[in-house]
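Following: one structure in structure tokens, then a few remarks.
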Amino acid sequence: MKFTFVHNNFNVTDLDKSLAFYKEALGLVEVRRKVATDNSFILVFLGDGVSKHQLELTWLRNWEKGTYNLGDNEFHLAFEVDDMEAARAKHREMGCICYENTNMGIYFIVDPDGYWLEIVPKK
């Protein structure tokens, strides 16, 4: 028996804002979309055009809390980039860098809902 990664999910409060962020910050594009028959939710799957792994963004129509409580859990997704300095410059310009670890040569950006995304240099 073999298991393989398919996707990760992040719930988002503003789907259009999140789609724009992921496209600009990481080049992720919509691969497919599912809209509930009663319009209670929308699922949008994003891909990088290279790997099979996708990021599923879930928007819930009746989410009444305004934001998602991400708690103290230090979960994140990591993205490898072939030009670390250009990526860092772009993310600085966007104002989305939330933590840098210069000793390790990595940094994190934060999306509109507060999810952290690790940026690592290509090995």
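The minimum heavy-atom distance between A25 and H91, with the atom names listed, is O-NE2, 2.8 Å. Nearest heavy-atom pair, I119 versus M84, reported as atom, atom and distance to 0.1 Å: O-CE, 3.3 Å. Annotation for P121 and I106: closest pair CD-CG2, 4.4 Å, computed over non-hydrogen atoms. Of all heavy-atom pairs spanning T13 and T67, the tightest one is CG2-CA, 4.1 Å.
Using a 4.5 Å cut-off between side-chain heavy atoms of Ile, Leu, Val, Met, Phe, Trp and Tyr, with links allowed through other members, V110 and V81 fall into different hydrophobic clusters. M94 and I109 fall within a single hydrophobic cluster, where Ile, Leu, Val, Met, Phe, Trp and Tyr side chains are chained together by heavy-atom contacts under 4.5 Å. Cluster annotation: L15 is connected to W63 through the hydrophobic network of ILVMFWY side chains, with a link wherever side-chain heavy atoms come within less than 4.5 Å. Hydrophobic clustering, with ILVMFWY side chains joined whenever heavy atoms are under 4.5 angstrom apart, keeps Y22 apart from F108.
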For residues 27-36, please give each side-chain donor-acceptor pair under 3.5 Å, one per line with the distance, not counting sequence neighbours.
| residue | atom | partner | partner atom | Å |
| --- | --- | --- | --- | --- |
| E30 | OE1 | R33 | NH2 | 2.9 |
| E30 | OE2 | R33 | NE | 2.9 |

Output a table of donor-acceptor pairs, distance under 3.5 Å, between side-chain atoms of residues 37-47 and any protein atom two or more places apart or on a different chain; print 'none' if there are none.
| residue | atom | partner | partner atom | Å |
| --- | --- | --- | --- | --- |
| D38 | OD1 | S40 | N | 3.0 |
| D38 | OD1 | S40 | OG | 2.7 |

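Checked for salt-bridge contact, R88 and E85 meet the test: a charged N lies under 4.0 Å from a carboxylate O.
No side-chain heavy atom of S18 sits under 4.5 Å from any side-chain heavy atom of W59. L26 is not listed as a side-chain neighbour of L55, based on a closest heavy-atom distance of 4.5 Å or more.
At a cut-off of 3.5 Å, with distance as the only test, no side-chain donor of H53 or D48 sits close to an acceptor on the other residue.
Of the possible donor and acceptor atoms, none in the side chain of D82 sits under 3.5 Å from a partner among the backbone N and O of K122. Side-chain N or O atoms of Y107 include none that pairs as donor or acceptor with a backbone N or O of I97 at under 3.5 Å.
Scanning for ring pair (Phe, Tyr, Trp, His ring centres under 6.0 Å) contacts around F10 gives Y115, with sequence neighbours left out.
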Side chain to side chain contact (heavy atoms under 4.5 Å, CB included) assessment of N11 paired with D113: CA-CA 8 Å; N11 282 20; D113 287 283; over 6 Å; no

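Expressed to the nearest 0.5 Å, how far NE2 of H76 lies from CG of L70 amounts to 14.0 Å. Atom CG of L57 is separated from atom CZ of F21 by 11.0 Å, given to the nearest 0.5 angstrom.
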